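Here is the structure we will look at, set down as structure tokens.
Nothing here was measured: the structure is a model prediction, and the numbers come from that model. Computed from heavy atoms alone, side chains included, the values below leave out hydrogens, waters and symmetry copies.
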Amino acid sequence: MLKRLGAIFKRNRQQLRLGLLAVWSGVRGMFAVDRIAPLRKGVTRLQSSSRLVVTVLLGTVGVAVAAAIASFAGGTGGAGGIGTVAEAPLQPAAQQKDSRNGWLTVALDTSLPERYYSHLLTAAFELGEIEANGTRKTVFLLDQPRNADAQIRLAAGSEASGSVLYTRYLAPVAAFATVPDEISMAELTLRWQGRGGGPLVVDAEYVSELEAVFGVEAADAVQTASGSALPAVLEVTPGSVGLVPFEGLTPVLKALRLDGMNILSNTFDASTYPLTAVVSVFGAEREEVAAALRPRITQPTNRKASKVTTLIMTGVTAMARVTAARMEANGFDYPAQVIAPTLRAADITHISNEVPFLAGCDVDPSLNNMILCSDPAYWATLEAVGTDIVGLSGNHVNDFGRDGARESIGWYRSNEIPIYGSGLNEAEACEPLLFNHNGNRFAFFAALAHYPSFAWATEEEPGVCHYWGNKERLFARIAELRGEVDVIAVELQHEEIYNPAPISRQVQDFRELRAAGADIVTGVQSHVPQAMEPYGYGDEKSGIIVYGLGNLFFDQMWSWQTRTSLIARHTIHDGDVISTEILTAVLEDYAQPRWTTDVERADLLRQIFSAAPAR
């Protein structure tokens with residue numbers, strides 16, 4: 001036995017490190033004749049559970065000794081070969097053919113962040129053997145990646161030579177109340193290098209991933225902050241941009257487009273996105289090693305496309321008066337022709353329709369006409385924008401009496417259009433609409449917190465859910481659903497004002513709904529854009545209050561404010577509201593909104609940001 005171990009040493013002395021000399025005497029003692037039998041019995045019993053300890057230790061000694069001890073532990077070396085135990089007393093009763101044709105050494109880069117390292121170390125240890133090119137190979141872990149056949153390390157997503165285990169997407173962000181919408185990768189690179197047009201603040205937990213993306217360490221000028229503190233740092237640092245992991249997105253941050261790419265989009269192309277870091281296997285049999293490890297990995301990506309939902313919420317729709325006249329003249333889809341592609345692309349597109357659909361509705365373009373309805377043919381506009389759900393909390397739902405309300409509700413139901421906020425009685429009107437998309441569960445509520453009283457539903461008569469008369473019912477239902485759905489969205493028709501700043505009663509009522517458990521609270525009463533109030537600082541539950549969106553399809557051309565409109569595009573990922581994008585539009589020709597110019601958009605955003613109530 002000692003001669004054979006000497007042969008191992010002689011054959012591999014060019015590969016062995018100086019550390020071998022330190023352990024050689026221990027190896028000789030370990031294989032003394034009177035210790036062979038109990039040692040082999042113990043090694044056989046502990047072969048699987050002790051491989052981690054043995055092989056990591058042997059990483060400092062060399063691959064050759066790992067092979068010798070593995071062969072000895074298994075008792076399957078070839079007769080007379082190096083590392084073979086040939087003495088008769090040590091052979092099994094029935095000789096078994098060894099199905100292993102070699103070994104594969106694997107090493108983890110010790111600089112891997114702990115969130116990957118510990119899990120991968122355990123997973124790799126559990127591999128035992130893998131199949132590679134028709135050959136079963138025993139996997140040994142080494143602690144020196146340069147000596148290993150396969151190495152596991154962090155890399156930029158663009159580095160295509162590895163087999164990916166983990167993918168982490170990062171997003172450029174700014175404080176919510178930021179006007180610019182986009183940044184380039186070139187500018188981010190300059191900021192990472194300590195140059196560029198302003199400060200860069202990065203999530204302290206993801207510095208390693210960012211070093212892999214940019215290829216160098218960050219300049220001293222780059223600031224780090226914990227994920228929970230980073231939004232506040234951005235808010236007090238003028239001109240700053242942040243970099244956060246996708247799971248670090250929250251409505252208090254504005255996700256910036258990167259070279260035109262929107263990480264929030266439901267059509268996001270991950271293959272070309274530059275802010276991507278991966279943990280991959282490199283080297284020999286990399287795909288076989290990766291394939292064996294992947295089933296043991298529980299969070300391979302931080303952005304699951306199958307768990308993304310985009311929800312668009314819109315303001316006042318009342319296709320009546322001059323809007324109706326323009327539709328009669330230019331086509332029933334005329335109002336939607338410019339903005340339809342964007343609205344239709346959302347997974348859930350919401351409309352707040354103030355008025356009933358009634359067959360034979362007459363067009364009265366008088367601007368002082370306040371008895372409003374829409375012909376069912378006008379649904380063509382709402383169909384064009386991809387309407388999925390309709391909130392009916394407007395104070396005009398009963399403009400043509402209870403019978404008119406019954407006819408309109410019946411029309412929606414006969415066409416299988418999901419509605420909420422109105423019903424054939426009070427109980428129906430106050431019941432939420434439940435909706436599911438990509439595993440995200442929604443409950444939509446709508447109510448009227450204003451007059452006239454004849455619009456309110458009663459126990460037996462149709463109309464809208466009266467907020468004040470049913471507040472306890474609504475709050476109890478929200479509490480009941482809080483554990484059953486992911487996102488609770490409540491829209492209120494509140495008191496109408498023509499000011500970007502919400503009145504104090506509106507702030508109080510909307511915040512009360514937020515405190516009761518609503519994730520998204522939207523004012524659909526306002527004919528002008530109003531402030532927004534995002535949530536998601538520290539440990540607080542993410543969400544947003546939108547005090548007013550303004551008009552979508554309504555003929556109020558009499559002021560610039562009533563012509564401008566907000567469209568809120570919320571992104572939900574795996575049950576959480578992670579972002580709200582603000583789309584901006586301007587009404588033309590009494591009927592047709594268009595997207596704002598860059599100058600118009602900047603002015604409008606500054607207006608609503610400055611109108612935000614104090615927190």
Side-chain angles (χ1 to χ4, degrees), residues 157 164 166-174 176 181-183 203 206 209 227 231 242-278 297-314 340-350 385-389 418 433-444 484-489 518-520 522 532 534-536 541-544 546 567-583:
V164 176
Y166 291 93
T167 302
R168 292 297 179 260
Y169 300 99
L170 298 111
V173 295
F176 178 77
D181 300 307
E182 186 166 352
I183 195 167
D203 189 315
Y206 279 79
E209 284 86 346
L243 291 174
V244 300
F246 185 78
E247 71 271 23
L249 289 174
T250 167
V252 300
L253 295 171
K254 177 175 183 172
L256 301 174
R257 293 193 302 271
L258 180 60
D259 290 329
M261 290 175 280
N262 184 358
I263 197 170
L264 301 172
S265 173
N266 54 5
T267 60
F268 172 68
D269 182 4
S271 66
T272 60
Y273 189 69
L275 274 181
T276 307
V278 294
I297 293 173
T298 56
Q299 294 292 334
T301 179
N302 63 344
R303 185 188 187 278
K304 306 168 190 173
S306 62
K307 295 292 186 180
V308 172
T309 297
T310 55
L311 164 66
I312 275 185
M313 302 284 290
T314 61
T342 299
L343 271 64
R344 190 171 56 242
D347 297 308
I348 306 173
T349 299
H350 154 273
V385 299
T387 302
D388 297 292
I389 59 175
L433 171 67
L434 302 181
F435 203 96
N436 293 301
H437 179 268
N438 273 358
N440 296 309
R441 303 163 298 170
F442 296 83
F444 293 95
E484 300 177 11
V485 302
D486 302 304
V487 178
I488 295 177
D519 301 286
I520 302 171
T522 306
M532 296 190 181
Y535 289 83
K541 183 171 175 56
S542 64
I544 193 166
V546 179
I567 297 170
R569 184 164 62 193
H570 308 289
T571 299
I572 295 87
H573 179 257
D574 204 11
D576 294 319
V577 181
I578 64 169
S579 185
T580 295
E581 299 170 90
I582 306 172
L583 311 183

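- Looking at every heavy atom in both residues, Ile263 comes nearest to Phe268 through CA-CD1, 3.6 Å.
- Formation of a donor-acceptor pair under 3.5 Å by the Asn266 side chain with backbone atoms of Val308 is not found in this model.
- Counting only heavy atoms from C-beta outward, the side chains of Ile520 and Phe442 never approach each other to under 4.5 Å.
- Using modelled atom types, no side-chain atom of Thr349 and backbone atom of Ile312 make a donor-acceptor pair closer than 3.5 Å.
- For the side-chain contact (heavy atoms from CB on, under 4.5 Å) criterion with Ile578, the lone passing option out of Thr250, Ile572, Leu264 is Leu264.
- In this structure, CE in Met261 is found 8.5 Å from CG in Leu275, a value given to the nearest 0.5 Å.
- Residues Asp269 and Ser271 come closest through the heavy atom pair OD1-OG, 2.6 Å.
- In this structure, the side chain of Arg569 does not engage the main chain of Leu583 through any donor-acceptor pair within 3.5 Å.
- The ring-ring contact (aromatic ring centres under 6.0 Å, His included) check on Tyr166 picks up Tyr116, with sequence neighbours excluded.
- Distance alone, capped at 3.5 Å, places no donor-acceptor pair between the Asp519 side chain and the Gly543 backbone.
- Closest approach of Leu253 to Gly248, counting heavy atoms only: CD1-O, 3.9 Å.
- Closest of all the heavy-atom pairs between Gly575 and Val487 is O-CG2, 4.1 Å.
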One pair to check against side chain to side chain contact (heavy atoms under 4.5 Å, CB included): Asp181 and Leu256. What are the steps and the verdict? CA-CA 5 Å; Asp181 300 307; Leu256 301 174; 5.6 Å; no
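- In this structure, the side chain of Arg168 engages the main chain of Pro300 through a donor-acceptor pair within 3.5 Å.
- Residues passing the salt bridge (charged side-chain N to carboxylate O under 4.0 Å, His left out) test with Lys307, sequence neighbours excluded: none.
- Between the side chains of Ser306 and Asn438, no donor-acceptor pair of N or O atoms lies under 3.5 Å.
- Put simply, the side chain of Ser265 never gets that close to the backbone of Asn262: no donor and acceptor are under 3.5 Å apart.
- Side-chain atoms of Ile348 and Ile389, non-hydrogen and from C-beta on, do get closer than 4.5 Å to each other.
- Taking 4.5 Å as the limit, some side-chain heavy atom of Asn302 sits within range of a side-chain heavy atom of Tyr169.
- Across every non-hydrogen atom of Arg344 and Gly386, the tightest pair is CG-CA, 4.0 Å.
- The closest donor-acceptor contact from the side chain of Thr310 to the backbone of Asp347 lies under 3.5 Å.
- Remark: Phe246 engages His573 in a ring-ring contact (aromatic ring centres under 6.0 Å, His included) (not counting sequence neighbours).
- No side-chain heavy atom of Phe444 sits less than 4.5 Å from a side-chain heavy atom of His350.
- Across all non-hydrogen atoms, the minimal contact from Pro251 to Pro534 is O-CB, 3.3 Å.
- Side-chain contact between Glu581 and Thr571 is present, with heavy atoms from C-beta onward closer than 4.5 Å.
- Thr167 is not listed as a side-chain neighbour of Arg303, based on a closest heavy-atom distance of 4.5 Å or more.
- Using modelled atom types, one side-chain atom of Thr309 and one backbone atom of His437 make a donor-acceptor pair closer than 3.5 Å.
- Contact annotation: the side chain of Ile567 never approaches that of Thr342 to less than 4.5 Å [non-hydrogen atoms, C-beta and beyond].
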